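First the structure, in the form of structure tokens, and then the observations on it.
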Amino acid sequence: LALEMRGDVLVTGNFRIVVEIDEHGHLIHQPGPGCGMCLFVSGDCLSVPLQACQNLFLLVREILVSLSQFRAEGVELFTDTQLLGVEHEQGVFSVRFQHEGETVLREAPYLLNALGRRPAIDGLKLEKVGVEVRKSGHITCDANQQTTNPKIYACGDVAGPHEIVHVAILQGETAARHSLGLEPEPVDYDRILSVVFTDPQVASIGPSVEDLRKTYGSRLRMAEFPFSDHGRSILMEAPWGYVRLYADVDSRKLVRAECVGRDAGELIHGVGAGIGTQMTVGDLLKSPWYHPTLSEIWTYPLEDLASLRAG
């Protein structure tokens, strides 16, 4: 994580950060691709409006889990806003934005400004070599990372759709194999893990619920379990959040997992392997689960899904 102080402004090129500002509060920030300014601040620090993005907190209703913890900690969070202006005078930042039909003003000595990033392709003169670029600024590629110029491949942040290191590695491996005439394995973006390093953390794997409903219809079933009813999380004083699983009731295969809570970025791997290898609910239940651990929380929705009947 690279952080830099420019005057009184804390600047970062990383989308996912947790950073102490002073003894009064902390910043918790995670904008996703296409997200505008996004900031949660407590204490004497500034609350800046959160603009919607597709994969922030999974779906809108998942924000409620984090809202509960943020508010319990004294964090002020705004959603559905329009930024009007930012000013800096005499060591104080002032942010004005529209919220629920009213103009809101917040002031603080510190401001974290994170407006996203775009592919660094300026100066490459891609148009002269026949490489097309999408409206988003990403280079157009096929499933093998081959651009519109068959001699050129593109991977990582310039190609999208996810600006994540392990995705770039997978894309690079695909491009290398294809360029050498070997059988490539295109990246399956439906099985890419997503982790949001907020507090509580948010993690998921699998296609969106909307896409799953289109694919499976009434065959799609869901089961979940809250951390507030899980012994280990209660002992750890981490009752916020839940785990949720989706499965095709006919094939019993797991198709999506979500986790909001303590160490969600670690816990998601427990079922991520099952979804990545297309395991059934029964297969994953046969795995050894140790008590008392946070990970065993997955067994509760697994058992619920295992008890469902097809049709």
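Everything numeric in this text was worked out from a predicted model, so none of it was measured.
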Query - Within 6.0 Å of CD in E127, more than 12 heavy atoms from elsewhere - result: yes

Query raised in the report: Above 12 or not: heavy atoms from other molecules or residues under 6.0 Å from CD of E303?
Result: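 Correct, the count exceeds 12.
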
Linking I/L/V/M/F/W/Y whenever any side-chain heavy atoms sit under 4.5 Å apart, do [X] and [Y] land together?
| X | Y | value |
| --- | --- | --- |
| L294 | V243 | yes |
| L124 | Y153 | no |
| L170 | I139 | no |
| L84 | V95 | no |
| V195 | I169 | no |

Report task. Please answer whether the main-chain N or O of V260 pairs with a side-chain N or O of W240 as donor and acceptor at a distance below 3.5 Å. Result -> no

Once rounded to the nearest 0.5 Å, what's the spacing between atom [atom1] of [X] and atom [atom2] of [Y]?
| X | Y | atom1 | atom2 | result |
| --- | --- | --- | --- | --- |
| D263 | I268 | CG | CD1 | 12.5 Å |
| E266 | C259 | CD | SG | 10.5 Å |
| T299 | D304 | OG1 | CG | 9.5 Å |
| R256 | M222 | CZ | CE | 11.5 Å |
| T280 | D248 | OG1 | CG | 11.0 Å |
| Q171 | I164 | CD | CD1 | 10.0 Å |

Within the 4.5 Å heavy-atom criterion, are [X] and [Y] side-chain neighbours or not?
| X | Y | result |
| --- | --- | --- |
| L302 | W289 | yes |
| R262 | M236 | yes |
| E163 | H138 | yes |
| E258 | V209 | yes |
| R191 | Q278 | yes |

Query raised in the report: Excluding sequence neighbours, so at least two apart, what forms salt bridge (charged side-chain N to carboxylate O under 4.0 Å, His left out) with E132?
Result: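 So E132 forms no salt bridge (charged side-chain N to carboxylate O under 4.0 Å, His left out) with any residue.
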
Query raised in the report: With distance as the sole criterion, is a donor-acceptor pair present between the side chains of E87 and S94 under 3.5 Å?
Result: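 Result is no, nothing qualifies.
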
Query - Pair Q98-T103, side-chain donor/acceptor within less than 3.5 Å - result: yes

Requested in this report: Could you check D250 against R219 for salt bridge (charged side-chain N to carboxylate O under 4.0 Å, His left out), going step by step and ending with a plain yes or no?
Outcome: CA-CA 7 Å; D250 287 352; R219 291 157 44 201; 3.5 Å; yes

